[in-house]
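Remarks on the structure that follows.
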Amino acid sequence: MRVKEILQSPEAIGKSLEAKGWIRTKRGNKNIVFIALNDGSTIHSIQVVINAPDFPEDLIRQLTTGACIGIKGIVVQSPGKEQSVEIQADDITVYGSANPETYPLQKKGHSLEFLREIAHLRPRTNTFGAILRIRHALAFAIHKYFNDNGFYYLHTPIITGSDCEGAGEMFRVTTLSASNPPVLKDGKVDFSEDFFGKETSLTVSGQLEGELGALALSRVYTFGPTFRAENSNTPRHLAEFWMIEPEMAFYEIDDNMDLAEDFLKSLIRYALDHCRDDLEFLQKMYDGELIDRLTFILDNTFERITYTEAIDILVQSGEKFEFQVKWGVDLQTEHERYLVEKHYKKPVMVTDYPKDIKAFYMKQNDDGRTVRGMDVLFPKIGEIIGGSQREENYDKLKSRISELKLPEKDLWWYLETRLFGTAPHSGFGLGFERLVLFITGMGNIRDVIPFPRTPKNAEF
RNA sequence: UCCUCAGUAGCUCAGUUGGUUAGAGCAUCUGGCUGUUAACCAGAGGGUCCUAAGUUCGAGUCUUAGCUGAGGAGCCA
């Protein structure tokens with residue numbers, strides 16, 4: 001039986017059963033030994049009580065922090081204060097011992113930086129157990145939300161041949177020799193010899209393909225790995241991360257904002273309803289205001305302002321910013337933080353950015369100088385969602401592509417959807433790890449993904 | 001990529017204006033304790049002071065370069 005079930009089942013008392021897991025701590029003396037056993041099913045461990053004289057001494061010696069064991073025994077009410085039930089051990093199996101001289105996890109005091117160096121073992125800590133369970137619950141909640149709302153899960157490609165997705169540096173995918181690739185007469189690499197007969201990369205976004213799906217199934221979403229080869233060294237960036245990108249036909253920018261707000265709130269609500277123990281643990285250990293902050297998001301409407309209004313607020317704030325506030329220049333982190341944390345003190349959605357600072361596919365407004373982009377800004381982590389209404393007009397889209405000198409020949413299929421049965425449509429991208437970061441209250445994105453990939457780090 | 005800070009025992013850290021044999025807590029090991037709660041009590045072992053070069057009679061400490069990590073910025077989700 002799993003530890004979570006035992007702890008939740010009053011009827012288990014008096015029954016004989018088997019629990020398997022890893023030892024968190026061991027206490028006691030020659031006569032009685034207490035073990036905290038955890039199998040990852042819950043943040044809580046179950047206490048195993050061993051009457052030491054009943055077992056061989058060398059077996060007891062193997063019961064150390066980190067060892068994997070199975071315990072057969074009777075569940076009894078615990079006379080101790082800290083737990084309601086415990087297992088009185090009749091039989092002990094050691095599946096795998098853990099040499100206490102060399103096992104790096106101890107009973108107390110590990111920095112998150114140290115745990116990153118032992119990412120193969122950190123899932124065994126309370127902290128990472130909690131994070132990984134919350135991460136799972138949120139992934140499940142995302143699929144549930146979309147399924148319940150008539151969206152179809154679309155699998156967009158991970159290898160892409162278009163380098164015009166416009167979201168950053170890409171990782172090349174190739175089977176050509178790194179030391180001696182075939183070359184053309186001008187010395188450049190001959191990608192026609194490559195596996196796909198052209199230069200290919202890992203995707204930086206499934207959006208363009210997502211739009212193709214939306215213009216057929218009306219509502220789709222993607223949820224998959226995304227790769228950016230930017231040399232970003234921050235607590236909010238990964239080279240490999242998971243992104244959720246809903247794309248909806250017949251949604252205008254306001255519908256898009258409604259969805260983004262309802263979606264985020266439903267995910268936070270799901271976590272509060274289903275991950276209470278883990279959230280309480282993280283609140284106790286790392287972030288005393290975590291649950292209040294999550295509840296606050298649920299209880300308040302996101303502020304909706306245009307970029308132009310944001311600029312006015314910042315100019316009139318009297319605040320001294322390092323970067324000058326000026327219409328036409330993108331909002332800096334310090335500006336976003338001011339809006340979210342000082343001015344409105346709640347999530348803010350900013351729309352209608354100058355077209356020159358946003359991607360080619362965003363729908364152009366009639367004013368000729370702004371586009372219907374939208375960013376959702378959260379306290380602590382900044383931009384959690386970026387999205388827009390898409391330009392559905394063939395001529396406007398085409399002229400924007402040529403203005404920006406993008407390779408039109410690689411985008412023929414994207415353009416063609418505007419030629420045949422085009423429709424107003426919108427969508428956005430949510431960084432999954434940023435969501436998990438916010439909901440767990442952790443400070444560094446490398447601690448909310450099991451095996452982070454960042455510049456100079458692809459260990460494990 | 002830029003700026004700032006850090007790197008000393010398995011982990012977290014202290015180490016004074018450069019000066020004898022580099023310390024503490026936790027962990028580990030040994031001993032003690034029949035109900036512990038990050039158990040407790042006593043004792044012991046444990047160091048390439050990130051690497052390289054330099055200054056100096058003498059460097060954990062100062063200088064330079066590099067490596068690694070963290071924070072801030074940019075890019076963005």
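All figures in this text were calculated on a predicted structure; none of them were measured in a lab. Below, read A as the first sequence line, B as the second, and so on, with proteins coming before strands; counting in each chain starts at 1.
- You won't find any donor-acceptor pair under 3.5 Å spanning the side chain of Ser232(A) and the base of rC76(B), going by distance alone.
- In this structure, a donor-acceptor pair under 3.5 Å is absent between the side chains of Tyr251(A) and Gln389(A).
- Between the C1' atom of rU36(B) and the CD atom of Glu86(A) lies a distance of 10 Å, rounded to the nearest Å.
- When heavy atoms are screened at a 4.0 angstrom cut-off, Leu105(A) is found touching no nucleic acid atom at all.
- Side chain to side chain, Asn231(A) and Asn233(A) meet the donor-acceptor criterion of an N or O pair below 3.5 Å.
- Side-chain atoms of Glu113(A) lie closest to rA70(B) of the nucleotides rA70(B), rU36(B), rG74(B).
- Here rU8(B) presents its P atom at 12 Å from CZ of Phe114(A), a figure rounded to the nearest Å.
- The phosphate of rC76(B) (OP1 or OP2) has no side-chain N or O of Arg434(A) nearer than 4.0 angstrom.
- Taking the P atom of each, rC26(B) and rG19(B) are spaced 29 Å apart, rounded to whole Å.
- Between the side chain of Glu82(A) and the base of rU36(B) there is no donor-acceptor pair of N/O atoms closer than 3.5 Å.
- Contacts of Ile385(A) with the nucleic acid, taken as non-hydrogen atoms under 4.0 Å apart, involve only primed sugar atoms and P, OP1 or OP2.
- Taking atom C1' in both rC13(B) and rG60(B), one finds a spacing of 14 Å when rounded to whole Å.
- In terms of polar N and O atoms assigned as donor or acceptor, the side chain of Arg228(A) comes within less than 3.5 Å of the base of rA77(B) in a complementary pairing.
- Spacing of P atoms, rG74(B) relative to rC62(B), comes out at 32 Å, to the nearest Å.
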### Query
Please walk me through it: do Arg304(A) and Asp258(A) pass salt bridge (Lys or Arg N to Asp or Glu O under 4.0 Å)?
CA-CA 10 Å; Arg304(A) 301 185 185 193; Asp258(A) 290 345; 2.7 Å; yes
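- Look at CD on Gln332(A): it is 10 Å from P on rA73(B), rounded to the nearest Å.
- Along RNA chain B, the nucleotide nearest to Ile384(A) and the one nearest to Gln83(A) differ in position, and the one closer to the 5' end is contacted by Gln83(A).
- Here Asn233(A) lies in heavy-atom contact (under 4.0 Å) with a base.
- Side-chain atoms of Gln8(A) and Arg2(A) form no donor-acceptor pair, as typed in the model, at a separation below 3.5 Å.
- Straight-line distance between the C1' atoms of rG7(B) and rU48(B): roughly 14 Å, to the nearest whole Å.
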### Query
Between Arg390(A) and Glu247(A), does a salt bridge (Lys or Arg N to Asp or Glu O under 4.0 Å) hold up when you go through it step by step?
CA-CA 10 Å; Arg390(A) 319 306 190 188; Glu247(A) 198 69 37; 2.8 Å; yes
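- At whole-Å resolution of the value, CD1 in Ile87(A) and C1' in rU36(B) are 17 Å apart.
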Check: protein-nucleotides 29-32 of chain B nitrogen or oxygen pairs below 3.5 Å:
residue, atom, partner, partner atom, Å
rU30(B), OP1, Arg61(A), NH2, 3.1
rG32(B), OP1, Lys30(A), NZ, 3.3
rG32(B), OP2, Lys30(A), NZ, 3.2

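- With both ends at atom C1', the span from rU68(B) to rG31(B) equals 41 Å, rounded to whole Å.
- Rounding to whole angstrom units, CZ of residue Phe438(A) and C1' of rC76(B) are separated by 19 Å.
- Side-chain atoms of Glu117(A) and base atoms of rU68(B) include no donor and acceptor less than 3.5 Å apart.
- Nearest to the side-chain atoms of Phe323(A) among the listed nucleotides rA73(B), rA77(B), rG35(B) stands rA73(B).
- Proximity of Met374(A) to Ile385(A): side-chain heavy atoms (C-beta onward) are separated by under 4.5 Å at one or more points.
- rG25(B) and rG43(B): their P atoms are spaced 10 Å apart (whole Å).
- The side-chain contact (heavy atoms from CB on, under 4.5 Å) test with His110(A) is passed by exactly one of Thr127(A), Ile118(A), Thr125(A), Leu115(A): Leu115(A).
- As the counterpart of rG54(B), rC62(B) is assigned, both hydrogen-bonding distances of the Watson-Crick or G-U wobble pattern falling under 3.5 Å.
- Following rounding to the nearest Å, Met349(A) (CE) and rA77(B) (C1') show an atom-to-atom distance of 17 Å.
- Ser205(A) has no side-chain polar atom (N or O) that falls below the 4.0 Å cut-off from OP1 or OP2 of rA77(B).
- Nearest nucleotide to the Thr234(A) side chain, out of rC75(B), rG35(B), rG71(B): rC75(B).
- Proximity of Arg236(A) to the phosphate of rC75(B): no side-chain N or O atom is located under 4.0 Å from OP1 or OP2.
- Each of rA77(B), rC76(B), rU36(B) was ranked by its minimum atom distance to the side chain of Asp330(A); first place goes to rC76(B).
- Using a 4.0 Å heavy-atom distance criterion, Arg116(A) is classed as a sugar-phosphate-only contact.
- The OH atom of Tyr103(A) sits 16 Å away from the P atom of rA27(B) (whole-angstrom rounding).
- Applying the 3.5 Å distance criterion, the base of rC76(B) shares a donor-acceptor pair with the side chain of His237(A).
- Look at rA6(B): its Watson-Crick or wobble partner, with both distances under 3.5 angstrom, is rU68(B).
- The base of rU36(B) has none of its N or O atoms less than 3.5 Å from a complementary donor or acceptor on the side chain of Asn29(A).
- In terms of polar N and O atoms assigned as donor or acceptor, the side chain of Gln106(A) comes within less than 3.5 Å of the base of rG10(B) in a complementary pairing.
- In this structure, Arg337(A) reaches neither bases nor backbone, as no heavy-atom distance under 4.0 Å exists between it and the strands shown.
- Each of Glu383(A) and Asn444(A) was matched to the nucleotide of RNA chain B holding its nearest heavy atom; the match closer to the 5' end belongs to Asn444(A).
- Minimum heavy-atom separation, Ala98(A) to Gly66(A): CB-C, 3.6 Å.
- With rA77(B), rC75(B), rG71(B) as the choices, the nucleotide that has an atom nearest any side-chain atom of Pro235(A) turns out to be rG71(B).
- Residue-level contact check: Gln47(A) touches the bases, meaning some heavy atom is under 4.0 Å from a base atom.
- With ring centers used as reference points, Phe146(A) lies under 6.0 Å from Phe263(A).
- For Phe241(A) and rA77(B), the ring-to-base geometry satisfies the stacking test (centroid distance below 5.5 Å, interplanar angle below 30°).
- Nucleotide rU4(B) holds its P atom 14 Å from the CD atom of Glu322(A), rounded to whole Å.
- Taking the six-membered ring where the residue is Trp, the centroids of Tyr344(A) and Phe302(A) are separated by 6.0 Å or more.
- A donor atom on one side chain and an acceptor atom on the other are not found under 3.5 Å apart for Glu240(A) and Thr226(A).
- Residue-level contact check: Thr65(A) touches neither bases nor backbone, having no heavy atom under 4.0 Å from any strand.
- Atom P of rU16(B) sits at a distance of 45 Å from the matching atom of rC76(B), rounded to the whole Å.
- Nucleotides rG54(B) and rG69(B) place their P atoms 28 Å apart, quoted to the nearest Å.
- Counting any heavy atom pair closer than 4.0 Å across all strands shown, Thr102(A) reaches no nucleic acid atom.
- Contact annotation: the side chain of Phe438(A) never approaches that of Arg434(A) to less than 4.5 Å [non-hydrogen atoms, C-beta and beyond].
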